[in-house]
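Here's the structure, in structure tokens; my notes come after.
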Amino acid sequence: MPELPEVETVMRGLKQRVLGRRLAAVEVLNPLVIAGPADDFAAGLSNRSVAGLRRKGKTLAIELEGRNGQPSCYLLLRLGMTGQVILTPQELPLQPHTHVRIFLEPGSEEIRYRDVRRFGRLRCCTSQELETIWDRLGPDAPEISEAQFFEATRHRYGSVKSWLLNQQMLAGLGNIYADEALFEARIHPLTQPARLSAASARRLHRAVKNVLKRAVNRQGTTFRDYLDIEGRPGNFSVRLKVYQRTGQPCRRCGRPIRRLVIGGRSTHFCPHCQPRPRRVAVPRSSKRVARKPQY
DNA sequence: GCAAGCCTGACC
DNA sequence: GGTCAGGCTTGC
């Protein structure tokens with residue numbers, strides 16, 4: 001699942017391999033993964049050179065030079081759950097679920113977008129549209145200051161787990177790193193953000209940055225689908241302490257890791273190392289059930 | 001049946 | 001406006 005470290009790894013790969021090259025032609029095999037009309041998408045990108053690469057949260061932007069006096073534009077990529085960006089020689093056979101091909105010049109390589117579950121989206125946008133889209137996201141997780149982080153937890157009464165996944169608070173975390181950061185900070189996932197002390201918030205802020213930094217250094221996590229642009233898996237998987245380790249011994253205390261569903265997301269934590277606070281976030285539906293008269 | 005990011009719509 | 005459930009999707 002491409003979260004910030006995986007997207008960062010893809011971006012670094014593209015920076016090395018496609019910066020300065022021209023998108024000679026764009027072929028959309030499945031318009032479902034394109035936001036807006038596929039024809040406009042292909043026409044908008046074709047015959048432009050890659051001028052730069054940017055990332056905010058899990059979103060990747062490929063900056064394309066202006067052509068014929070037009071301003072520059074961006075190819076915006078959101079990989080969703082199973083999206084892959086692959087740099088490959090054009091002659092290699094297409095793998096199933098390949099939805100977009102972008103032919104590069106000079107050379108005989110292409111960028112392929114492959115996405116089994118098709119939750120990802122590609123779009124062509126102006127720099128103004130890019131800003132609008134990115135303004136809807138909170139600060140990029142590695143950039144957020146401790147003060148900003150703490151401030152964002154105030155008056156938030158859902159679970160800290162859902163809060164970490166909310167891209168408007170903080171951009172870049174998905175299910176893997178949210179669980180890992182909470183474990184590292186020793187915070188129970190059902191804790192209400194508003195009830196985090198300054199000290200707990202500081203631990204969480206540091207844990208988020210730490211986990212992301214370590215994962216970036218190891219080229220991300222491959223749990224099932226993620227591969228970088230050269231088809232290599234990430235190496236952080238072996239470092240995971242709680243994610244998908246239900247029933248296995250906690251690496252800190254040896255007690256079994258437990259699984260909870262929070263906000264519809266499976267959540268992995270150690271009940272001993274992440275003790276339940278006196279008061280936890282309770283979803284509305286459960287509240288409603290609890291309010292029913294008990295016979 | 002479960003995995004998951006993100007969007008939509010419902011509820012308070 | 002905050003929060004959450006549901007739906008999308010396919011392979012294991």
Side-chain angles (χ1 to χ4, degrees), chain A residues 1-8 10 29-36 55-60 76-85 95-99 113-123 132-138 140-141 151-180 189-196 212 220-227 234 237 240 242-247 257-268 279-292:
Chain A
M1 295 114 245
E3 304 178 34
L4 189 149
E6 293 76 35
V7 177
E8 178 70 23
V10 167
L29 304 170
N30 186 346
L32 252 172
V33 301
I34 309 296
R55 179 193 58 71
K56 186 171 183 184
K58 311 176 198 177
T59 316
L60 180 63
L76 201 58
L77 281 134
R78 240 192 33 223
L79 303 179
M81 216 180 135
T82 54
Q84 295 177 347
V85 177
Q95 293 169 276
H97 312 292
T98 300
H99 306 307
Y113 181 70
R114 184 168 177 256
D115 189 348
V116 172
R117 263 157 243 190
R118 308 197 309 245
F119 281 10
R121 285 295 176 272
L122 279 67
R123 61 181 294 168
T132 307
I133 292 166
W134 279 8
D135 280 350
R136 288 199 282 265
L137 298 175
D140 191 43
E151 187 50 41
T153 62
R154 299 303 89 182
H155 315 294
R156 296 283 163 170
Y157 295 92
S159 68
V160 66
K161 167 64 187 277
S162 300
W163 181 85
L164 283 172
L165 293 177
N166 184 343
Q167 303 297 302
Q168 298 182 343
M169 297 296 115
L170 187 71
L173 292 192
N175 216 25
I176 297 177
Y177 301 114
D179 282 2
E180 294 297 315
L190 284 174
T191 307
Q192 299 182 97
R195 300 179 76 87
L196 287 173
L212 292 176
T221 302
T222 295
F223 190 74
R224 180 175 282 167
D225 300 284
Y226 168 74
L227 297 173
S237 326
L240 297 177
V242 287
Y243 182 74
Q244 287 290 351
R245 294 195 64 247
T246 309
I257 297 300
R258 289 241 303 261
R259 176 181 174 273
L260 267 181
V261 175
I262 300 176
R265 293 288 165 265
S266 77
T267 300
H268 313 81
R279 208 183 145 146
V280 298
V282 184
R284 261 195 317 274
S285 55
S286 312
K287 263 186 204 159
R288 221 183 282 137
V289 172
R291 272 202 218 104
K292 274 187 189 163

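Just so it is clear, the model here is predicted, and its values are computed rather than measured. Letters A, B, ... are given to chains in the order of the sequence lines, protein chains preceding strands, and every chain is numbered from 1.
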Self-check item: Which residues share a side-chain hydrogen bond (donor to acceptor under 3.5 Å, both in side chains) with A/Gln84, sequence neighbours left out
Solution: A/Arg114
Quiz prompt | Integer-rounded Å distance: C/dC4 P and A/Leu190 CG | solution = 10 Å
Quiz item: Just how far, in rounded Å, is P of B/dC6 from CH2 of A/Trp134?
Solution: 14 Å
Quiz prompt | Residues in side-chain contact (heavy atoms from CB on, under 4.5 Å) contact with A/Pro2, at least two apart in sequence or another chain | solution = A/Glu6, A/Val7, A/Leu79
Quiz item: With A/Glu8, which residues qualify under side-chain hydrogen bond (donor to acceptor under 3.5 Å, both in side chains), at least two apart?
Solution: A/Arg12, A/Arg55
Self-check item: Partner set under side-chain contact (heavy atoms from CB on, under 4.5 Å) for A/Ala141, not counting sequence neighbours
Solution: A/Leu4, A/Leu170, A/Val208, A/Leu212
Quiz item: Which is true for A/Ser266 with a 4.0 Å heavy-atom rule: it touches a base, it touches only sugar-phosphate, or it touches nothing?
Solution: sugar-phosphate
Quiz item: For the pair made of CG in A/Leu60 and C1' in B/dG5, what is the distance, rounded to whole Å?
Solution: 16 Å
Quiz item: Measuring from A/Arg259:CZ to A/Arg245:CZ, what's the distance to the nearest 0.5 Å?
Solution: 15.5 Å
Between the protein and nucleotides 9-12 of chain C, which nitrogen or oxygen pairs come in under 3.5 angstrom?
| unit_1 | atom_1 | unit_2 | atom_2 | d |
| --- | --- | --- | --- | --- |
| C/dT10 | OP1 | A/Arg118 | NH1 | 2.9 |
| C/dT10 | O2 | A/Arg117 | NE | 3.2 |
| C/dG11 | OP1 | A/His97 | NE2 | 2.9 |

Exercise. Give A/Arg265 one of three labels, base, sugar-phosphate or nothing, depending on what nucleic acid heavy atoms sit under 4.0 Å from its own.
Key: base
Quiz prompt | Counterpart residues, side-chain contact (heavy atoms from CB on, under 4.5 Å), relative to A/Thr191 (two or more places apart) | solution = A/Val160, A/Ile187, A/His188, A/Leu196, A/Pro277
Exercise. Could you tell me whether A/Arg279 atom CZ has more than 12 heavy atoms of other residues or ligands within 6.0 Å of it?
Key: no
Quiz item: Atom NZ of A/Lys56 to atom C1' of B/dC6: distance rounded to whole Å?
Solution: 17 Å
Quiz prompt | Protein-nucleotide distance (A/Leu173, atom CG; B/dG5, atom P), rounded to Å | solution = 10 Å
Quiz item: Who pairs with A/Thr82 by side-chain hydrogen bond (donor to acceptor under 3.5 Å, both in side chains), at least two apart in sequence or on another chain?
Solution: A/Asp115
Quiz item: Rounding to a whole Å, what distance do you find between A/Asp115:CG and B/dC6:P?
Solution: 12 Å
Exercise. Mind running a 4.0 Å heavy-atom check of residues 153-167 of chain A against DNA chain B and sending the residues that fall below it, in number order?
Key: A/Gln167
Practice problem: Quick one: label A/Arg136 by what it contacts on the DNA or RNA (base, sugar-phosphate, nothing), any heavy atom closer than 4.0 Å. | Solution: nothing
Quiz item: Whole Å only: how far is the CZ atom of A/Arg123 from the C1' atom of B/dC6?
Solution: 14 Å
Quiz item: Which nucleotide in the list B/dC7, B/dG5, B/dC2 gets nearest to the side chain of A/Arg78?
Solution: B/dC7
Quiz item: side-chain contact (heavy atoms from CB on, under 4.5 Å) with A/Ile262: which residues, sequence neighbours excluded?
Solution: A/Ser159, A/Lys161, A/Ser162, A/Pro189, A/Leu190, A/Leu260, A/Thr267
Self-check item: Nearest-angstrom distance from the residue atom CD of A/Gln244 to C1' of B/dA3
Solution: 8 Å
